[in-house]
Amino acid sequence: MPRVMICDDEPSIRKTLAEILEDENYQVETADSGESLVSQLRRSESRIDAILLDVWLPGMDGVETLAKLRELGYHMPVIVISGHASLDFAVKATKLGAFDFLEKPLNLDRVMVTLANAIKHFKLERRQAVLEAQLPTVEMVGESPAMRTLKEDIALAAPSDGRVLILGESGSGKELAARMIHASSHRAREPFIEMNCAAIPEELIESELFGHMKGSFTNANENKPGKFEQADGGTLFLDEIADMSLNTQAKVLRALQEQRFQRVGGTNIVQVDVRVISATNKDLEEEIEAGRFREDLYYRLSVIPLRVPPLRERPEDILALAHYFIEGFARAYGRRPIGFTSAAERALCAYRWPGNVRELRNIAERLVIMSRKETLDAVDLPRQLIGKSNDEIWFGKYDSLREARDDFERKYIEYSLHQNGWNITKTAEALKLERSNLHKKMKQLEIQAPS
Ligand SMILES: Nc1ncnc2c1ncn2[C@@H]1O[C@H](COP(=O)(O)OP(=O)(O)OP(=O)(O)O)[C@@H](O)[C@H]1O
Ligand SMILES: [Mg+2]
């Protein structure tokens, strides 16, 4: 059920409009001033789909209220109601993105039509924003030294046609780096074609890469160009290259050497102009050592090797990325961006991010969808995050240095006792303590041998 907020200082108008809208299956909330509208929105736990806003209000007027809403990051459509057409107000409100104007006395049919349009429009806009937010961006966020170096290397490598091999952990941004290289190259207007070598069954990979002719194998019902041909003039991004079989590697190597190949089942030689960028999260040198990856192909592919550092090596980027993703998803879902307390920020920065930027992006999406608060504290973060924020776990529970020191000493002595089979003499030796001192400490810290 769409939710509408009516903001008007005249009780009779609020009442009439609310009744009519409720009859039409809207859920209605009302406010008698701009200030109260804003505070109700901030308290509201569900999304408001549209606002009917009177221009003449005590306190903040309609235009000021609209400006305030936009400033706070609310993007729902606002239909402005004015007592009599005032051009000045209309211009200002339009600039602030008012959806439409209605004049008093209100024509109820027009109210209904305008409202329905506004909500439909907003829905489409949001769907569009969701789609856009899900597209891989070519904006690379992060100003840490490691990211700056990477961006500089990308800028240097992009204009050449040199083959780039991108190394980095899963989710660290390898594909994004590949797209950046393409976008900053002279091939930017030509296709960027991606092929995930791990996702394609061995027996199909050749036909995927080089295409095939009708009838060349079962299910080959059409002549089909492969990725190399699709990428002609542009860039071919070979992802997860370590997952290609040795057989396929040999064929890719030949295609790279000659820049020509045949479609599966074809006789003609196809010649293409393709820049190849490849990526893997595996250690290729190890793969070569183990005989799983061809060394000659490795040298062909990695004319320019680039490494995307894992997120934990650039903690300076974590908050910037978090805010970047949160803003994107807030726009997409019609929610307000959320903020973090400093404890939450510390937890975000202390976490190791095994899933790297992708994990951070997923968490940002989830927080935007699920959070009811404007500012999140550490406890509002996903369990894995506070669970694994070591600083929080280690230090959060102590109330004084003394308590922390005692706890540490107790654990350390217990560990050493355990290592030495609870033999006091040996333990004292290991700890470089006098035997009597160890006794004293054990008593003081209430350490007892297990019975
Ligand atoms: N520096 C960054 N700024 C903005 N977005 C980023 C950044 N790094 C990564 N992303 C985003 O994070 C997500 C994961 O990145 P990407 O797909 O490039 O990682 P990957 O290294 O290719 O991962 P995988 O090994 O799992 O394929 C994508 O949505 C990407 O747009
Ligand atoms: Mg990838």
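Both ligands and their constituent atoms are indexed starting at 1 by order of listing.
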Student: Once the angle between the rings of Tyr412 and Phe408 is folded into 0 to 90°, is it parallel (under 30°), tilted (30 to 60°) or perpendicular (over 60°)?
Tutor: parallel
Student: Determine, stepwise, if the pair Ile241 / Val252 fulfils side chain to side chain contact (heavy atoms under 4.5 Å, CB included).
Tutor: CA-CA 10 Å; Ile241 45 158; Val252 171; over 6 Å; no
Student: At a 4.0 Å threshold, what atoms of ligand 1 neighbour a non-hydrogen atom of Tyr324?
Tutor: 4 (C)
Student: For Arg336, which of Glu71, Glu327, Glu374 qualifies under salt bridge (Lys or Arg N to Asp or Glu O under 4.0 Å)?
Tutor: Glu374
Student: Could you tell me whether some N/O pair between Gly173 and ligand 1 is separated by less than 3.5 angstrom?
Tutor: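 Yes, Gly173 has an N/O under 3.5 Å of an N/O on ligand 1.
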Student: Please evaluate residues Gln262 and Ile269 with respect to the criterion side chain to side chain contact (heavy atoms under 4.5 Å, CB included), reporting the C-alpha separation (whole Å), side-chain torsions for both, the decisive distance (0.1 Å), and the verdict.
Tutor: CA-CA 5 Å; Gln262 287 172 322; Ile269 299 288; 3.9 Å; yes
Student: Could you check whether Glu169 pairs with Lys174 (Lys NZ or Arg NE/NH1/NH2 to Asp/Glu carboxylate O, under 4.0 Å)?
Tutor: no
Student: May I ask you to list the atoms of ligand 1 that are less than 4.0 angstrom from any heavy atom of Glu139?
Tutor: 3 (N), 4 (C)
Student: Give yes if a backbone or side-chain nitrogen or oxygen of Lys174 is under 3.5 Å from a nitrogen or oxygen of ligand 1, and no if not.
Tutor: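 Such a contact does occur with ligand 1.
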Student: Could you work out, for atom 17 (O) of ligand 1, the closest of Arg358, Arg361, Glu169 by heavy-atom distance?
Tutor: Arg358
Student: Are His323 and Phe340 close enough that their ring centers fall under 6.0 Å?
Tutor: yes
Student: Considering only heavy atoms of Met147, which atoms of ligand 1 have at least one such atom less than 4.0 Å away?
Tutor: 1 (N)
Student: Touching ligand 1 at all, Gly168? Heavy atoms, strictly under 4.0 Å?
Tutor: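 The answer is no: ligand 1 sits nowhere under 4.0 Å from a heavy atom of Gly168.
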Student: Could you pull out the closest heavy-atom pair between Glu202 and Ser245, with the gap in Å?
Tutor: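 Heavy-atom minimum between the residues: OE1-OG, 2.7 Å.
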Student: If hydrogens are left out, which of Leu311, Leu176, Val141 has an atom nearest to atom 6 (C) of ligand 1, that is, the closest non-hydrogen atom?
Tutor: Leu176
Student: Students often mix this up, so state it plainly: with edges at 30° and 60°, are the rings of Phe228 and Phe210 parallel, tilted or perpendicular?
Tutor: parallel
Student: Would you say Leu321 and ligand 1 have an N/O pair spaced under 3.5 Å apart?
Tutor: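 Not met; the criterion fails.
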Student: Is the shortest N/O to N/O distance between Glu175 and ligand 1 below 3.5 Å?
Tutor: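 Yes: some nitrogen or oxygen of Glu175 is under 3.5 Å from one in ligand 1.
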Student: Tell me whether ligand 1 is touched by Gly171 - counting only heavy atoms on the residue side and a distance under 4.0 Å.
Tutor: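 Heavy atoms of Gly171 do come under 4.0 Å of ligand 1.
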